[in-house]
Number of protein chains: 2
Amino acid sequence: MAMARHKGDHEARRRDVSAAVWRVLASHGFGGLTLRAVATEMGATTGLLTHYFPSKKDLIEHALTLLDEHRMADRPTEFPDGLAGLRAMLLEILPLTEQAVTSNRIWVGSWDAALANPELAAGHAVRYRRSRERIRTQVVAAQQLDELPPSDPDDTATALLSFVLGLIVQTLLDQAAFPAGQQIRLLDQRLAELARTIQ
Amino acid sequence: MAMARHKGDHEARRRDVSAAVWRVLASHGFGGLTLRAVATEMGATTGLLTHYFPSKKDLIEHALTLLDEHRMADRPTEFPDGLAGLRAMLLEILPLTEQAVTSNRIWVGSWDAALANPELAAGHAVRYRRSRERIRTQVVAAQQLDELPPSDPDDTATALLSFVLGLIVQTLLDQAAFPAGQQIRLLDQRLAELARTIQ
DNA sequence: ACATTCGCGTAACAGATGTTTTGTTAATTG
DNA sequence: CAATTAACAAAACATCTGTTACGCGAATGT
């Protein structure tokens, strides 16, 4: 059958493939990620995939790298200083939109593979260390503005990331119980509690 | 080669098999769980496995059910009322010991499969709902003892389970950064913050 | 107009995987 | 002590996996 030829540039096509990888990961998890599944997901064959990616590992790596960049690009680089900025930053992480649900579902799913592969685990360790660092910066700023009482910002950042990650997990496993409004309410309560704590 | 026959009862053997499943899950994750891997892990063949379990799904289900029971059996059924009991309950969940690391690693790894299978997800939803309920009971008790200020116990329980789950994830992915002492310190800080919050 | 390269479907391939079948040995039963 | 059955190993099986080889039409350059 004569297929329509996409003269478009190489890189755009690789992005299409990666998008298909995301959709398969989101619906079938890492356990269900096969070349055939990705191919049928985008209405193509494995021949196309191997034309753009030499191996499955390359395919996954590129898709995850792109997902990470995508996520970074979607959210503001700079948040306003202080508590409001901290709140905005944490809201960006939570699965509040369909998009965010999908991307979080992929990251949660990647933990199994990461825990079985030290190399992947190291990558995740770096990633979450960076998250903590970014949260820490906002905590310090809020403290300097007297919006938060003094505390060890490292511990506070770790505690906040823990809270957010745990809420993500509970939400994904029981989305009906944690609609967006509920998640936001819980986060606001958490931040209010932080602000009202006696030192 | 003439193998030693285990005349032992059927159920004990199924427990042996499940234990082998745990070890494979702990070291290779769900992605690396194959009948061959389980068989060699216990020095047997796939023939033994299929003799005790009709299919792989049955094998996994039984192993996870047993792991859940096992975990419940290991920890006290009753915790003392109040803040100390709440603390003890949450400490039981954290990956403080090698055993707890292993079991938590399996649970975190199961999330990928659960998110791809509504049936498994439903099981997890029930499980974590139960966890919240048990935490909630302790929160209420602590409030009645005036060890915690009044608050919506449902929200507080959810927030606490979120915190613990998120801390588990961060710990497993970067165990060097979160030794047992650090986890306990963070939890104690979290509980102290809860106790010191102005209503 | 012709040669070359690109894009991608087709299909073959070897290895792994879950399942089924078969055979063998040790316990159990009558 | 024969007969049956439980407890496995061994191997065959079909299916699925990632990878590779191949072919063909369309675009592109000359």
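Reminder, nothing fancy here: chain letters follow the sequence lines and each chain counts from 1.
If you take CG of B:Leu35 and C1' of D:dC16, they are 14 Å apart, rounded to a whole angstrom. Rounded to whole Å, atom P of D:dC8 lies 10 Å from atom NE2 of B:His10. Atom CG of A:Leu49 and atom C1' of C:dC8 are 11 Å apart (whole Å). Rounded to whole angstrom, the span from the CZ atom of B:Phe53 across to the C1' atom of D:dA7 amounts to 15 Å.
Ion pair A:Arg36/A:Glu41 not flagged as a salt bridge, since none of the NZ, NE, NH1 or NH2 atoms sits closer than 4.0 Å to an Asp/Glu carboxylate oxygen.
Side chain of A:Ser55, nearest nucleotide from C:dG7, D:dA7, D:dT19: D:dT19. Minimum atom distance to the side chain of A:Ala44 is reached by C:dG9, of the listed D:dA7, C:dG7, C:dG9. For A:Leu48, whose side chain is taken as the heavy atoms from C-beta onward, the closest listed nucleotide among C:dT17, C:dG9, C:dG7 is C:dG9.
Applying the 3.5 Å distance criterion, the base of C:dG18 shares a donor-acceptor pair with the side chain of B:Arg36.
B:Leu33 comes within 4.0 angstrom of sugar-phosphate atoms only, judged by non-hydrogen atoms across all strands, and of no base. Within the nucleic acid shown, A:Thr34 comes within 4.0 Å of sugar-phosphate atoms alone, with no base atom in reach, counting heavy atoms only.
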All N/O donor-acceptor pairs, side-chain side in residues 71-84 of chain A, below 3.5 Å, sequence neighbours left out:
residue: A:Arg75; atom: NH2; partner: A:Glu92; partner atom: O; Å: 3.4

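In this model, the phosphate group of D:dA6 is not approached by any side-chain N or O of B:Arg13 to a distance below 4.0 Å at OP1 or OP2. A close approach under 4.0 Å does not occur between any side-chain nitrogen or oxygen of B:Tyr52 and OP1 or OP2 of D:dA6. Contact annotation: A:His51 side-chain N/O to C:dC8 OP1/OP2 distance is not under 4.0 Å.
For the 3.5 Å distance criterion, the side chains of A:Gln170 and B:Arg132 qualify, holding a donor opposite an acceptor.
A:Leu25 contributes atom CG, which lies 8.5 Å from atom CG of A:Leu67 (distance to the nearest 0.5 angstrom).
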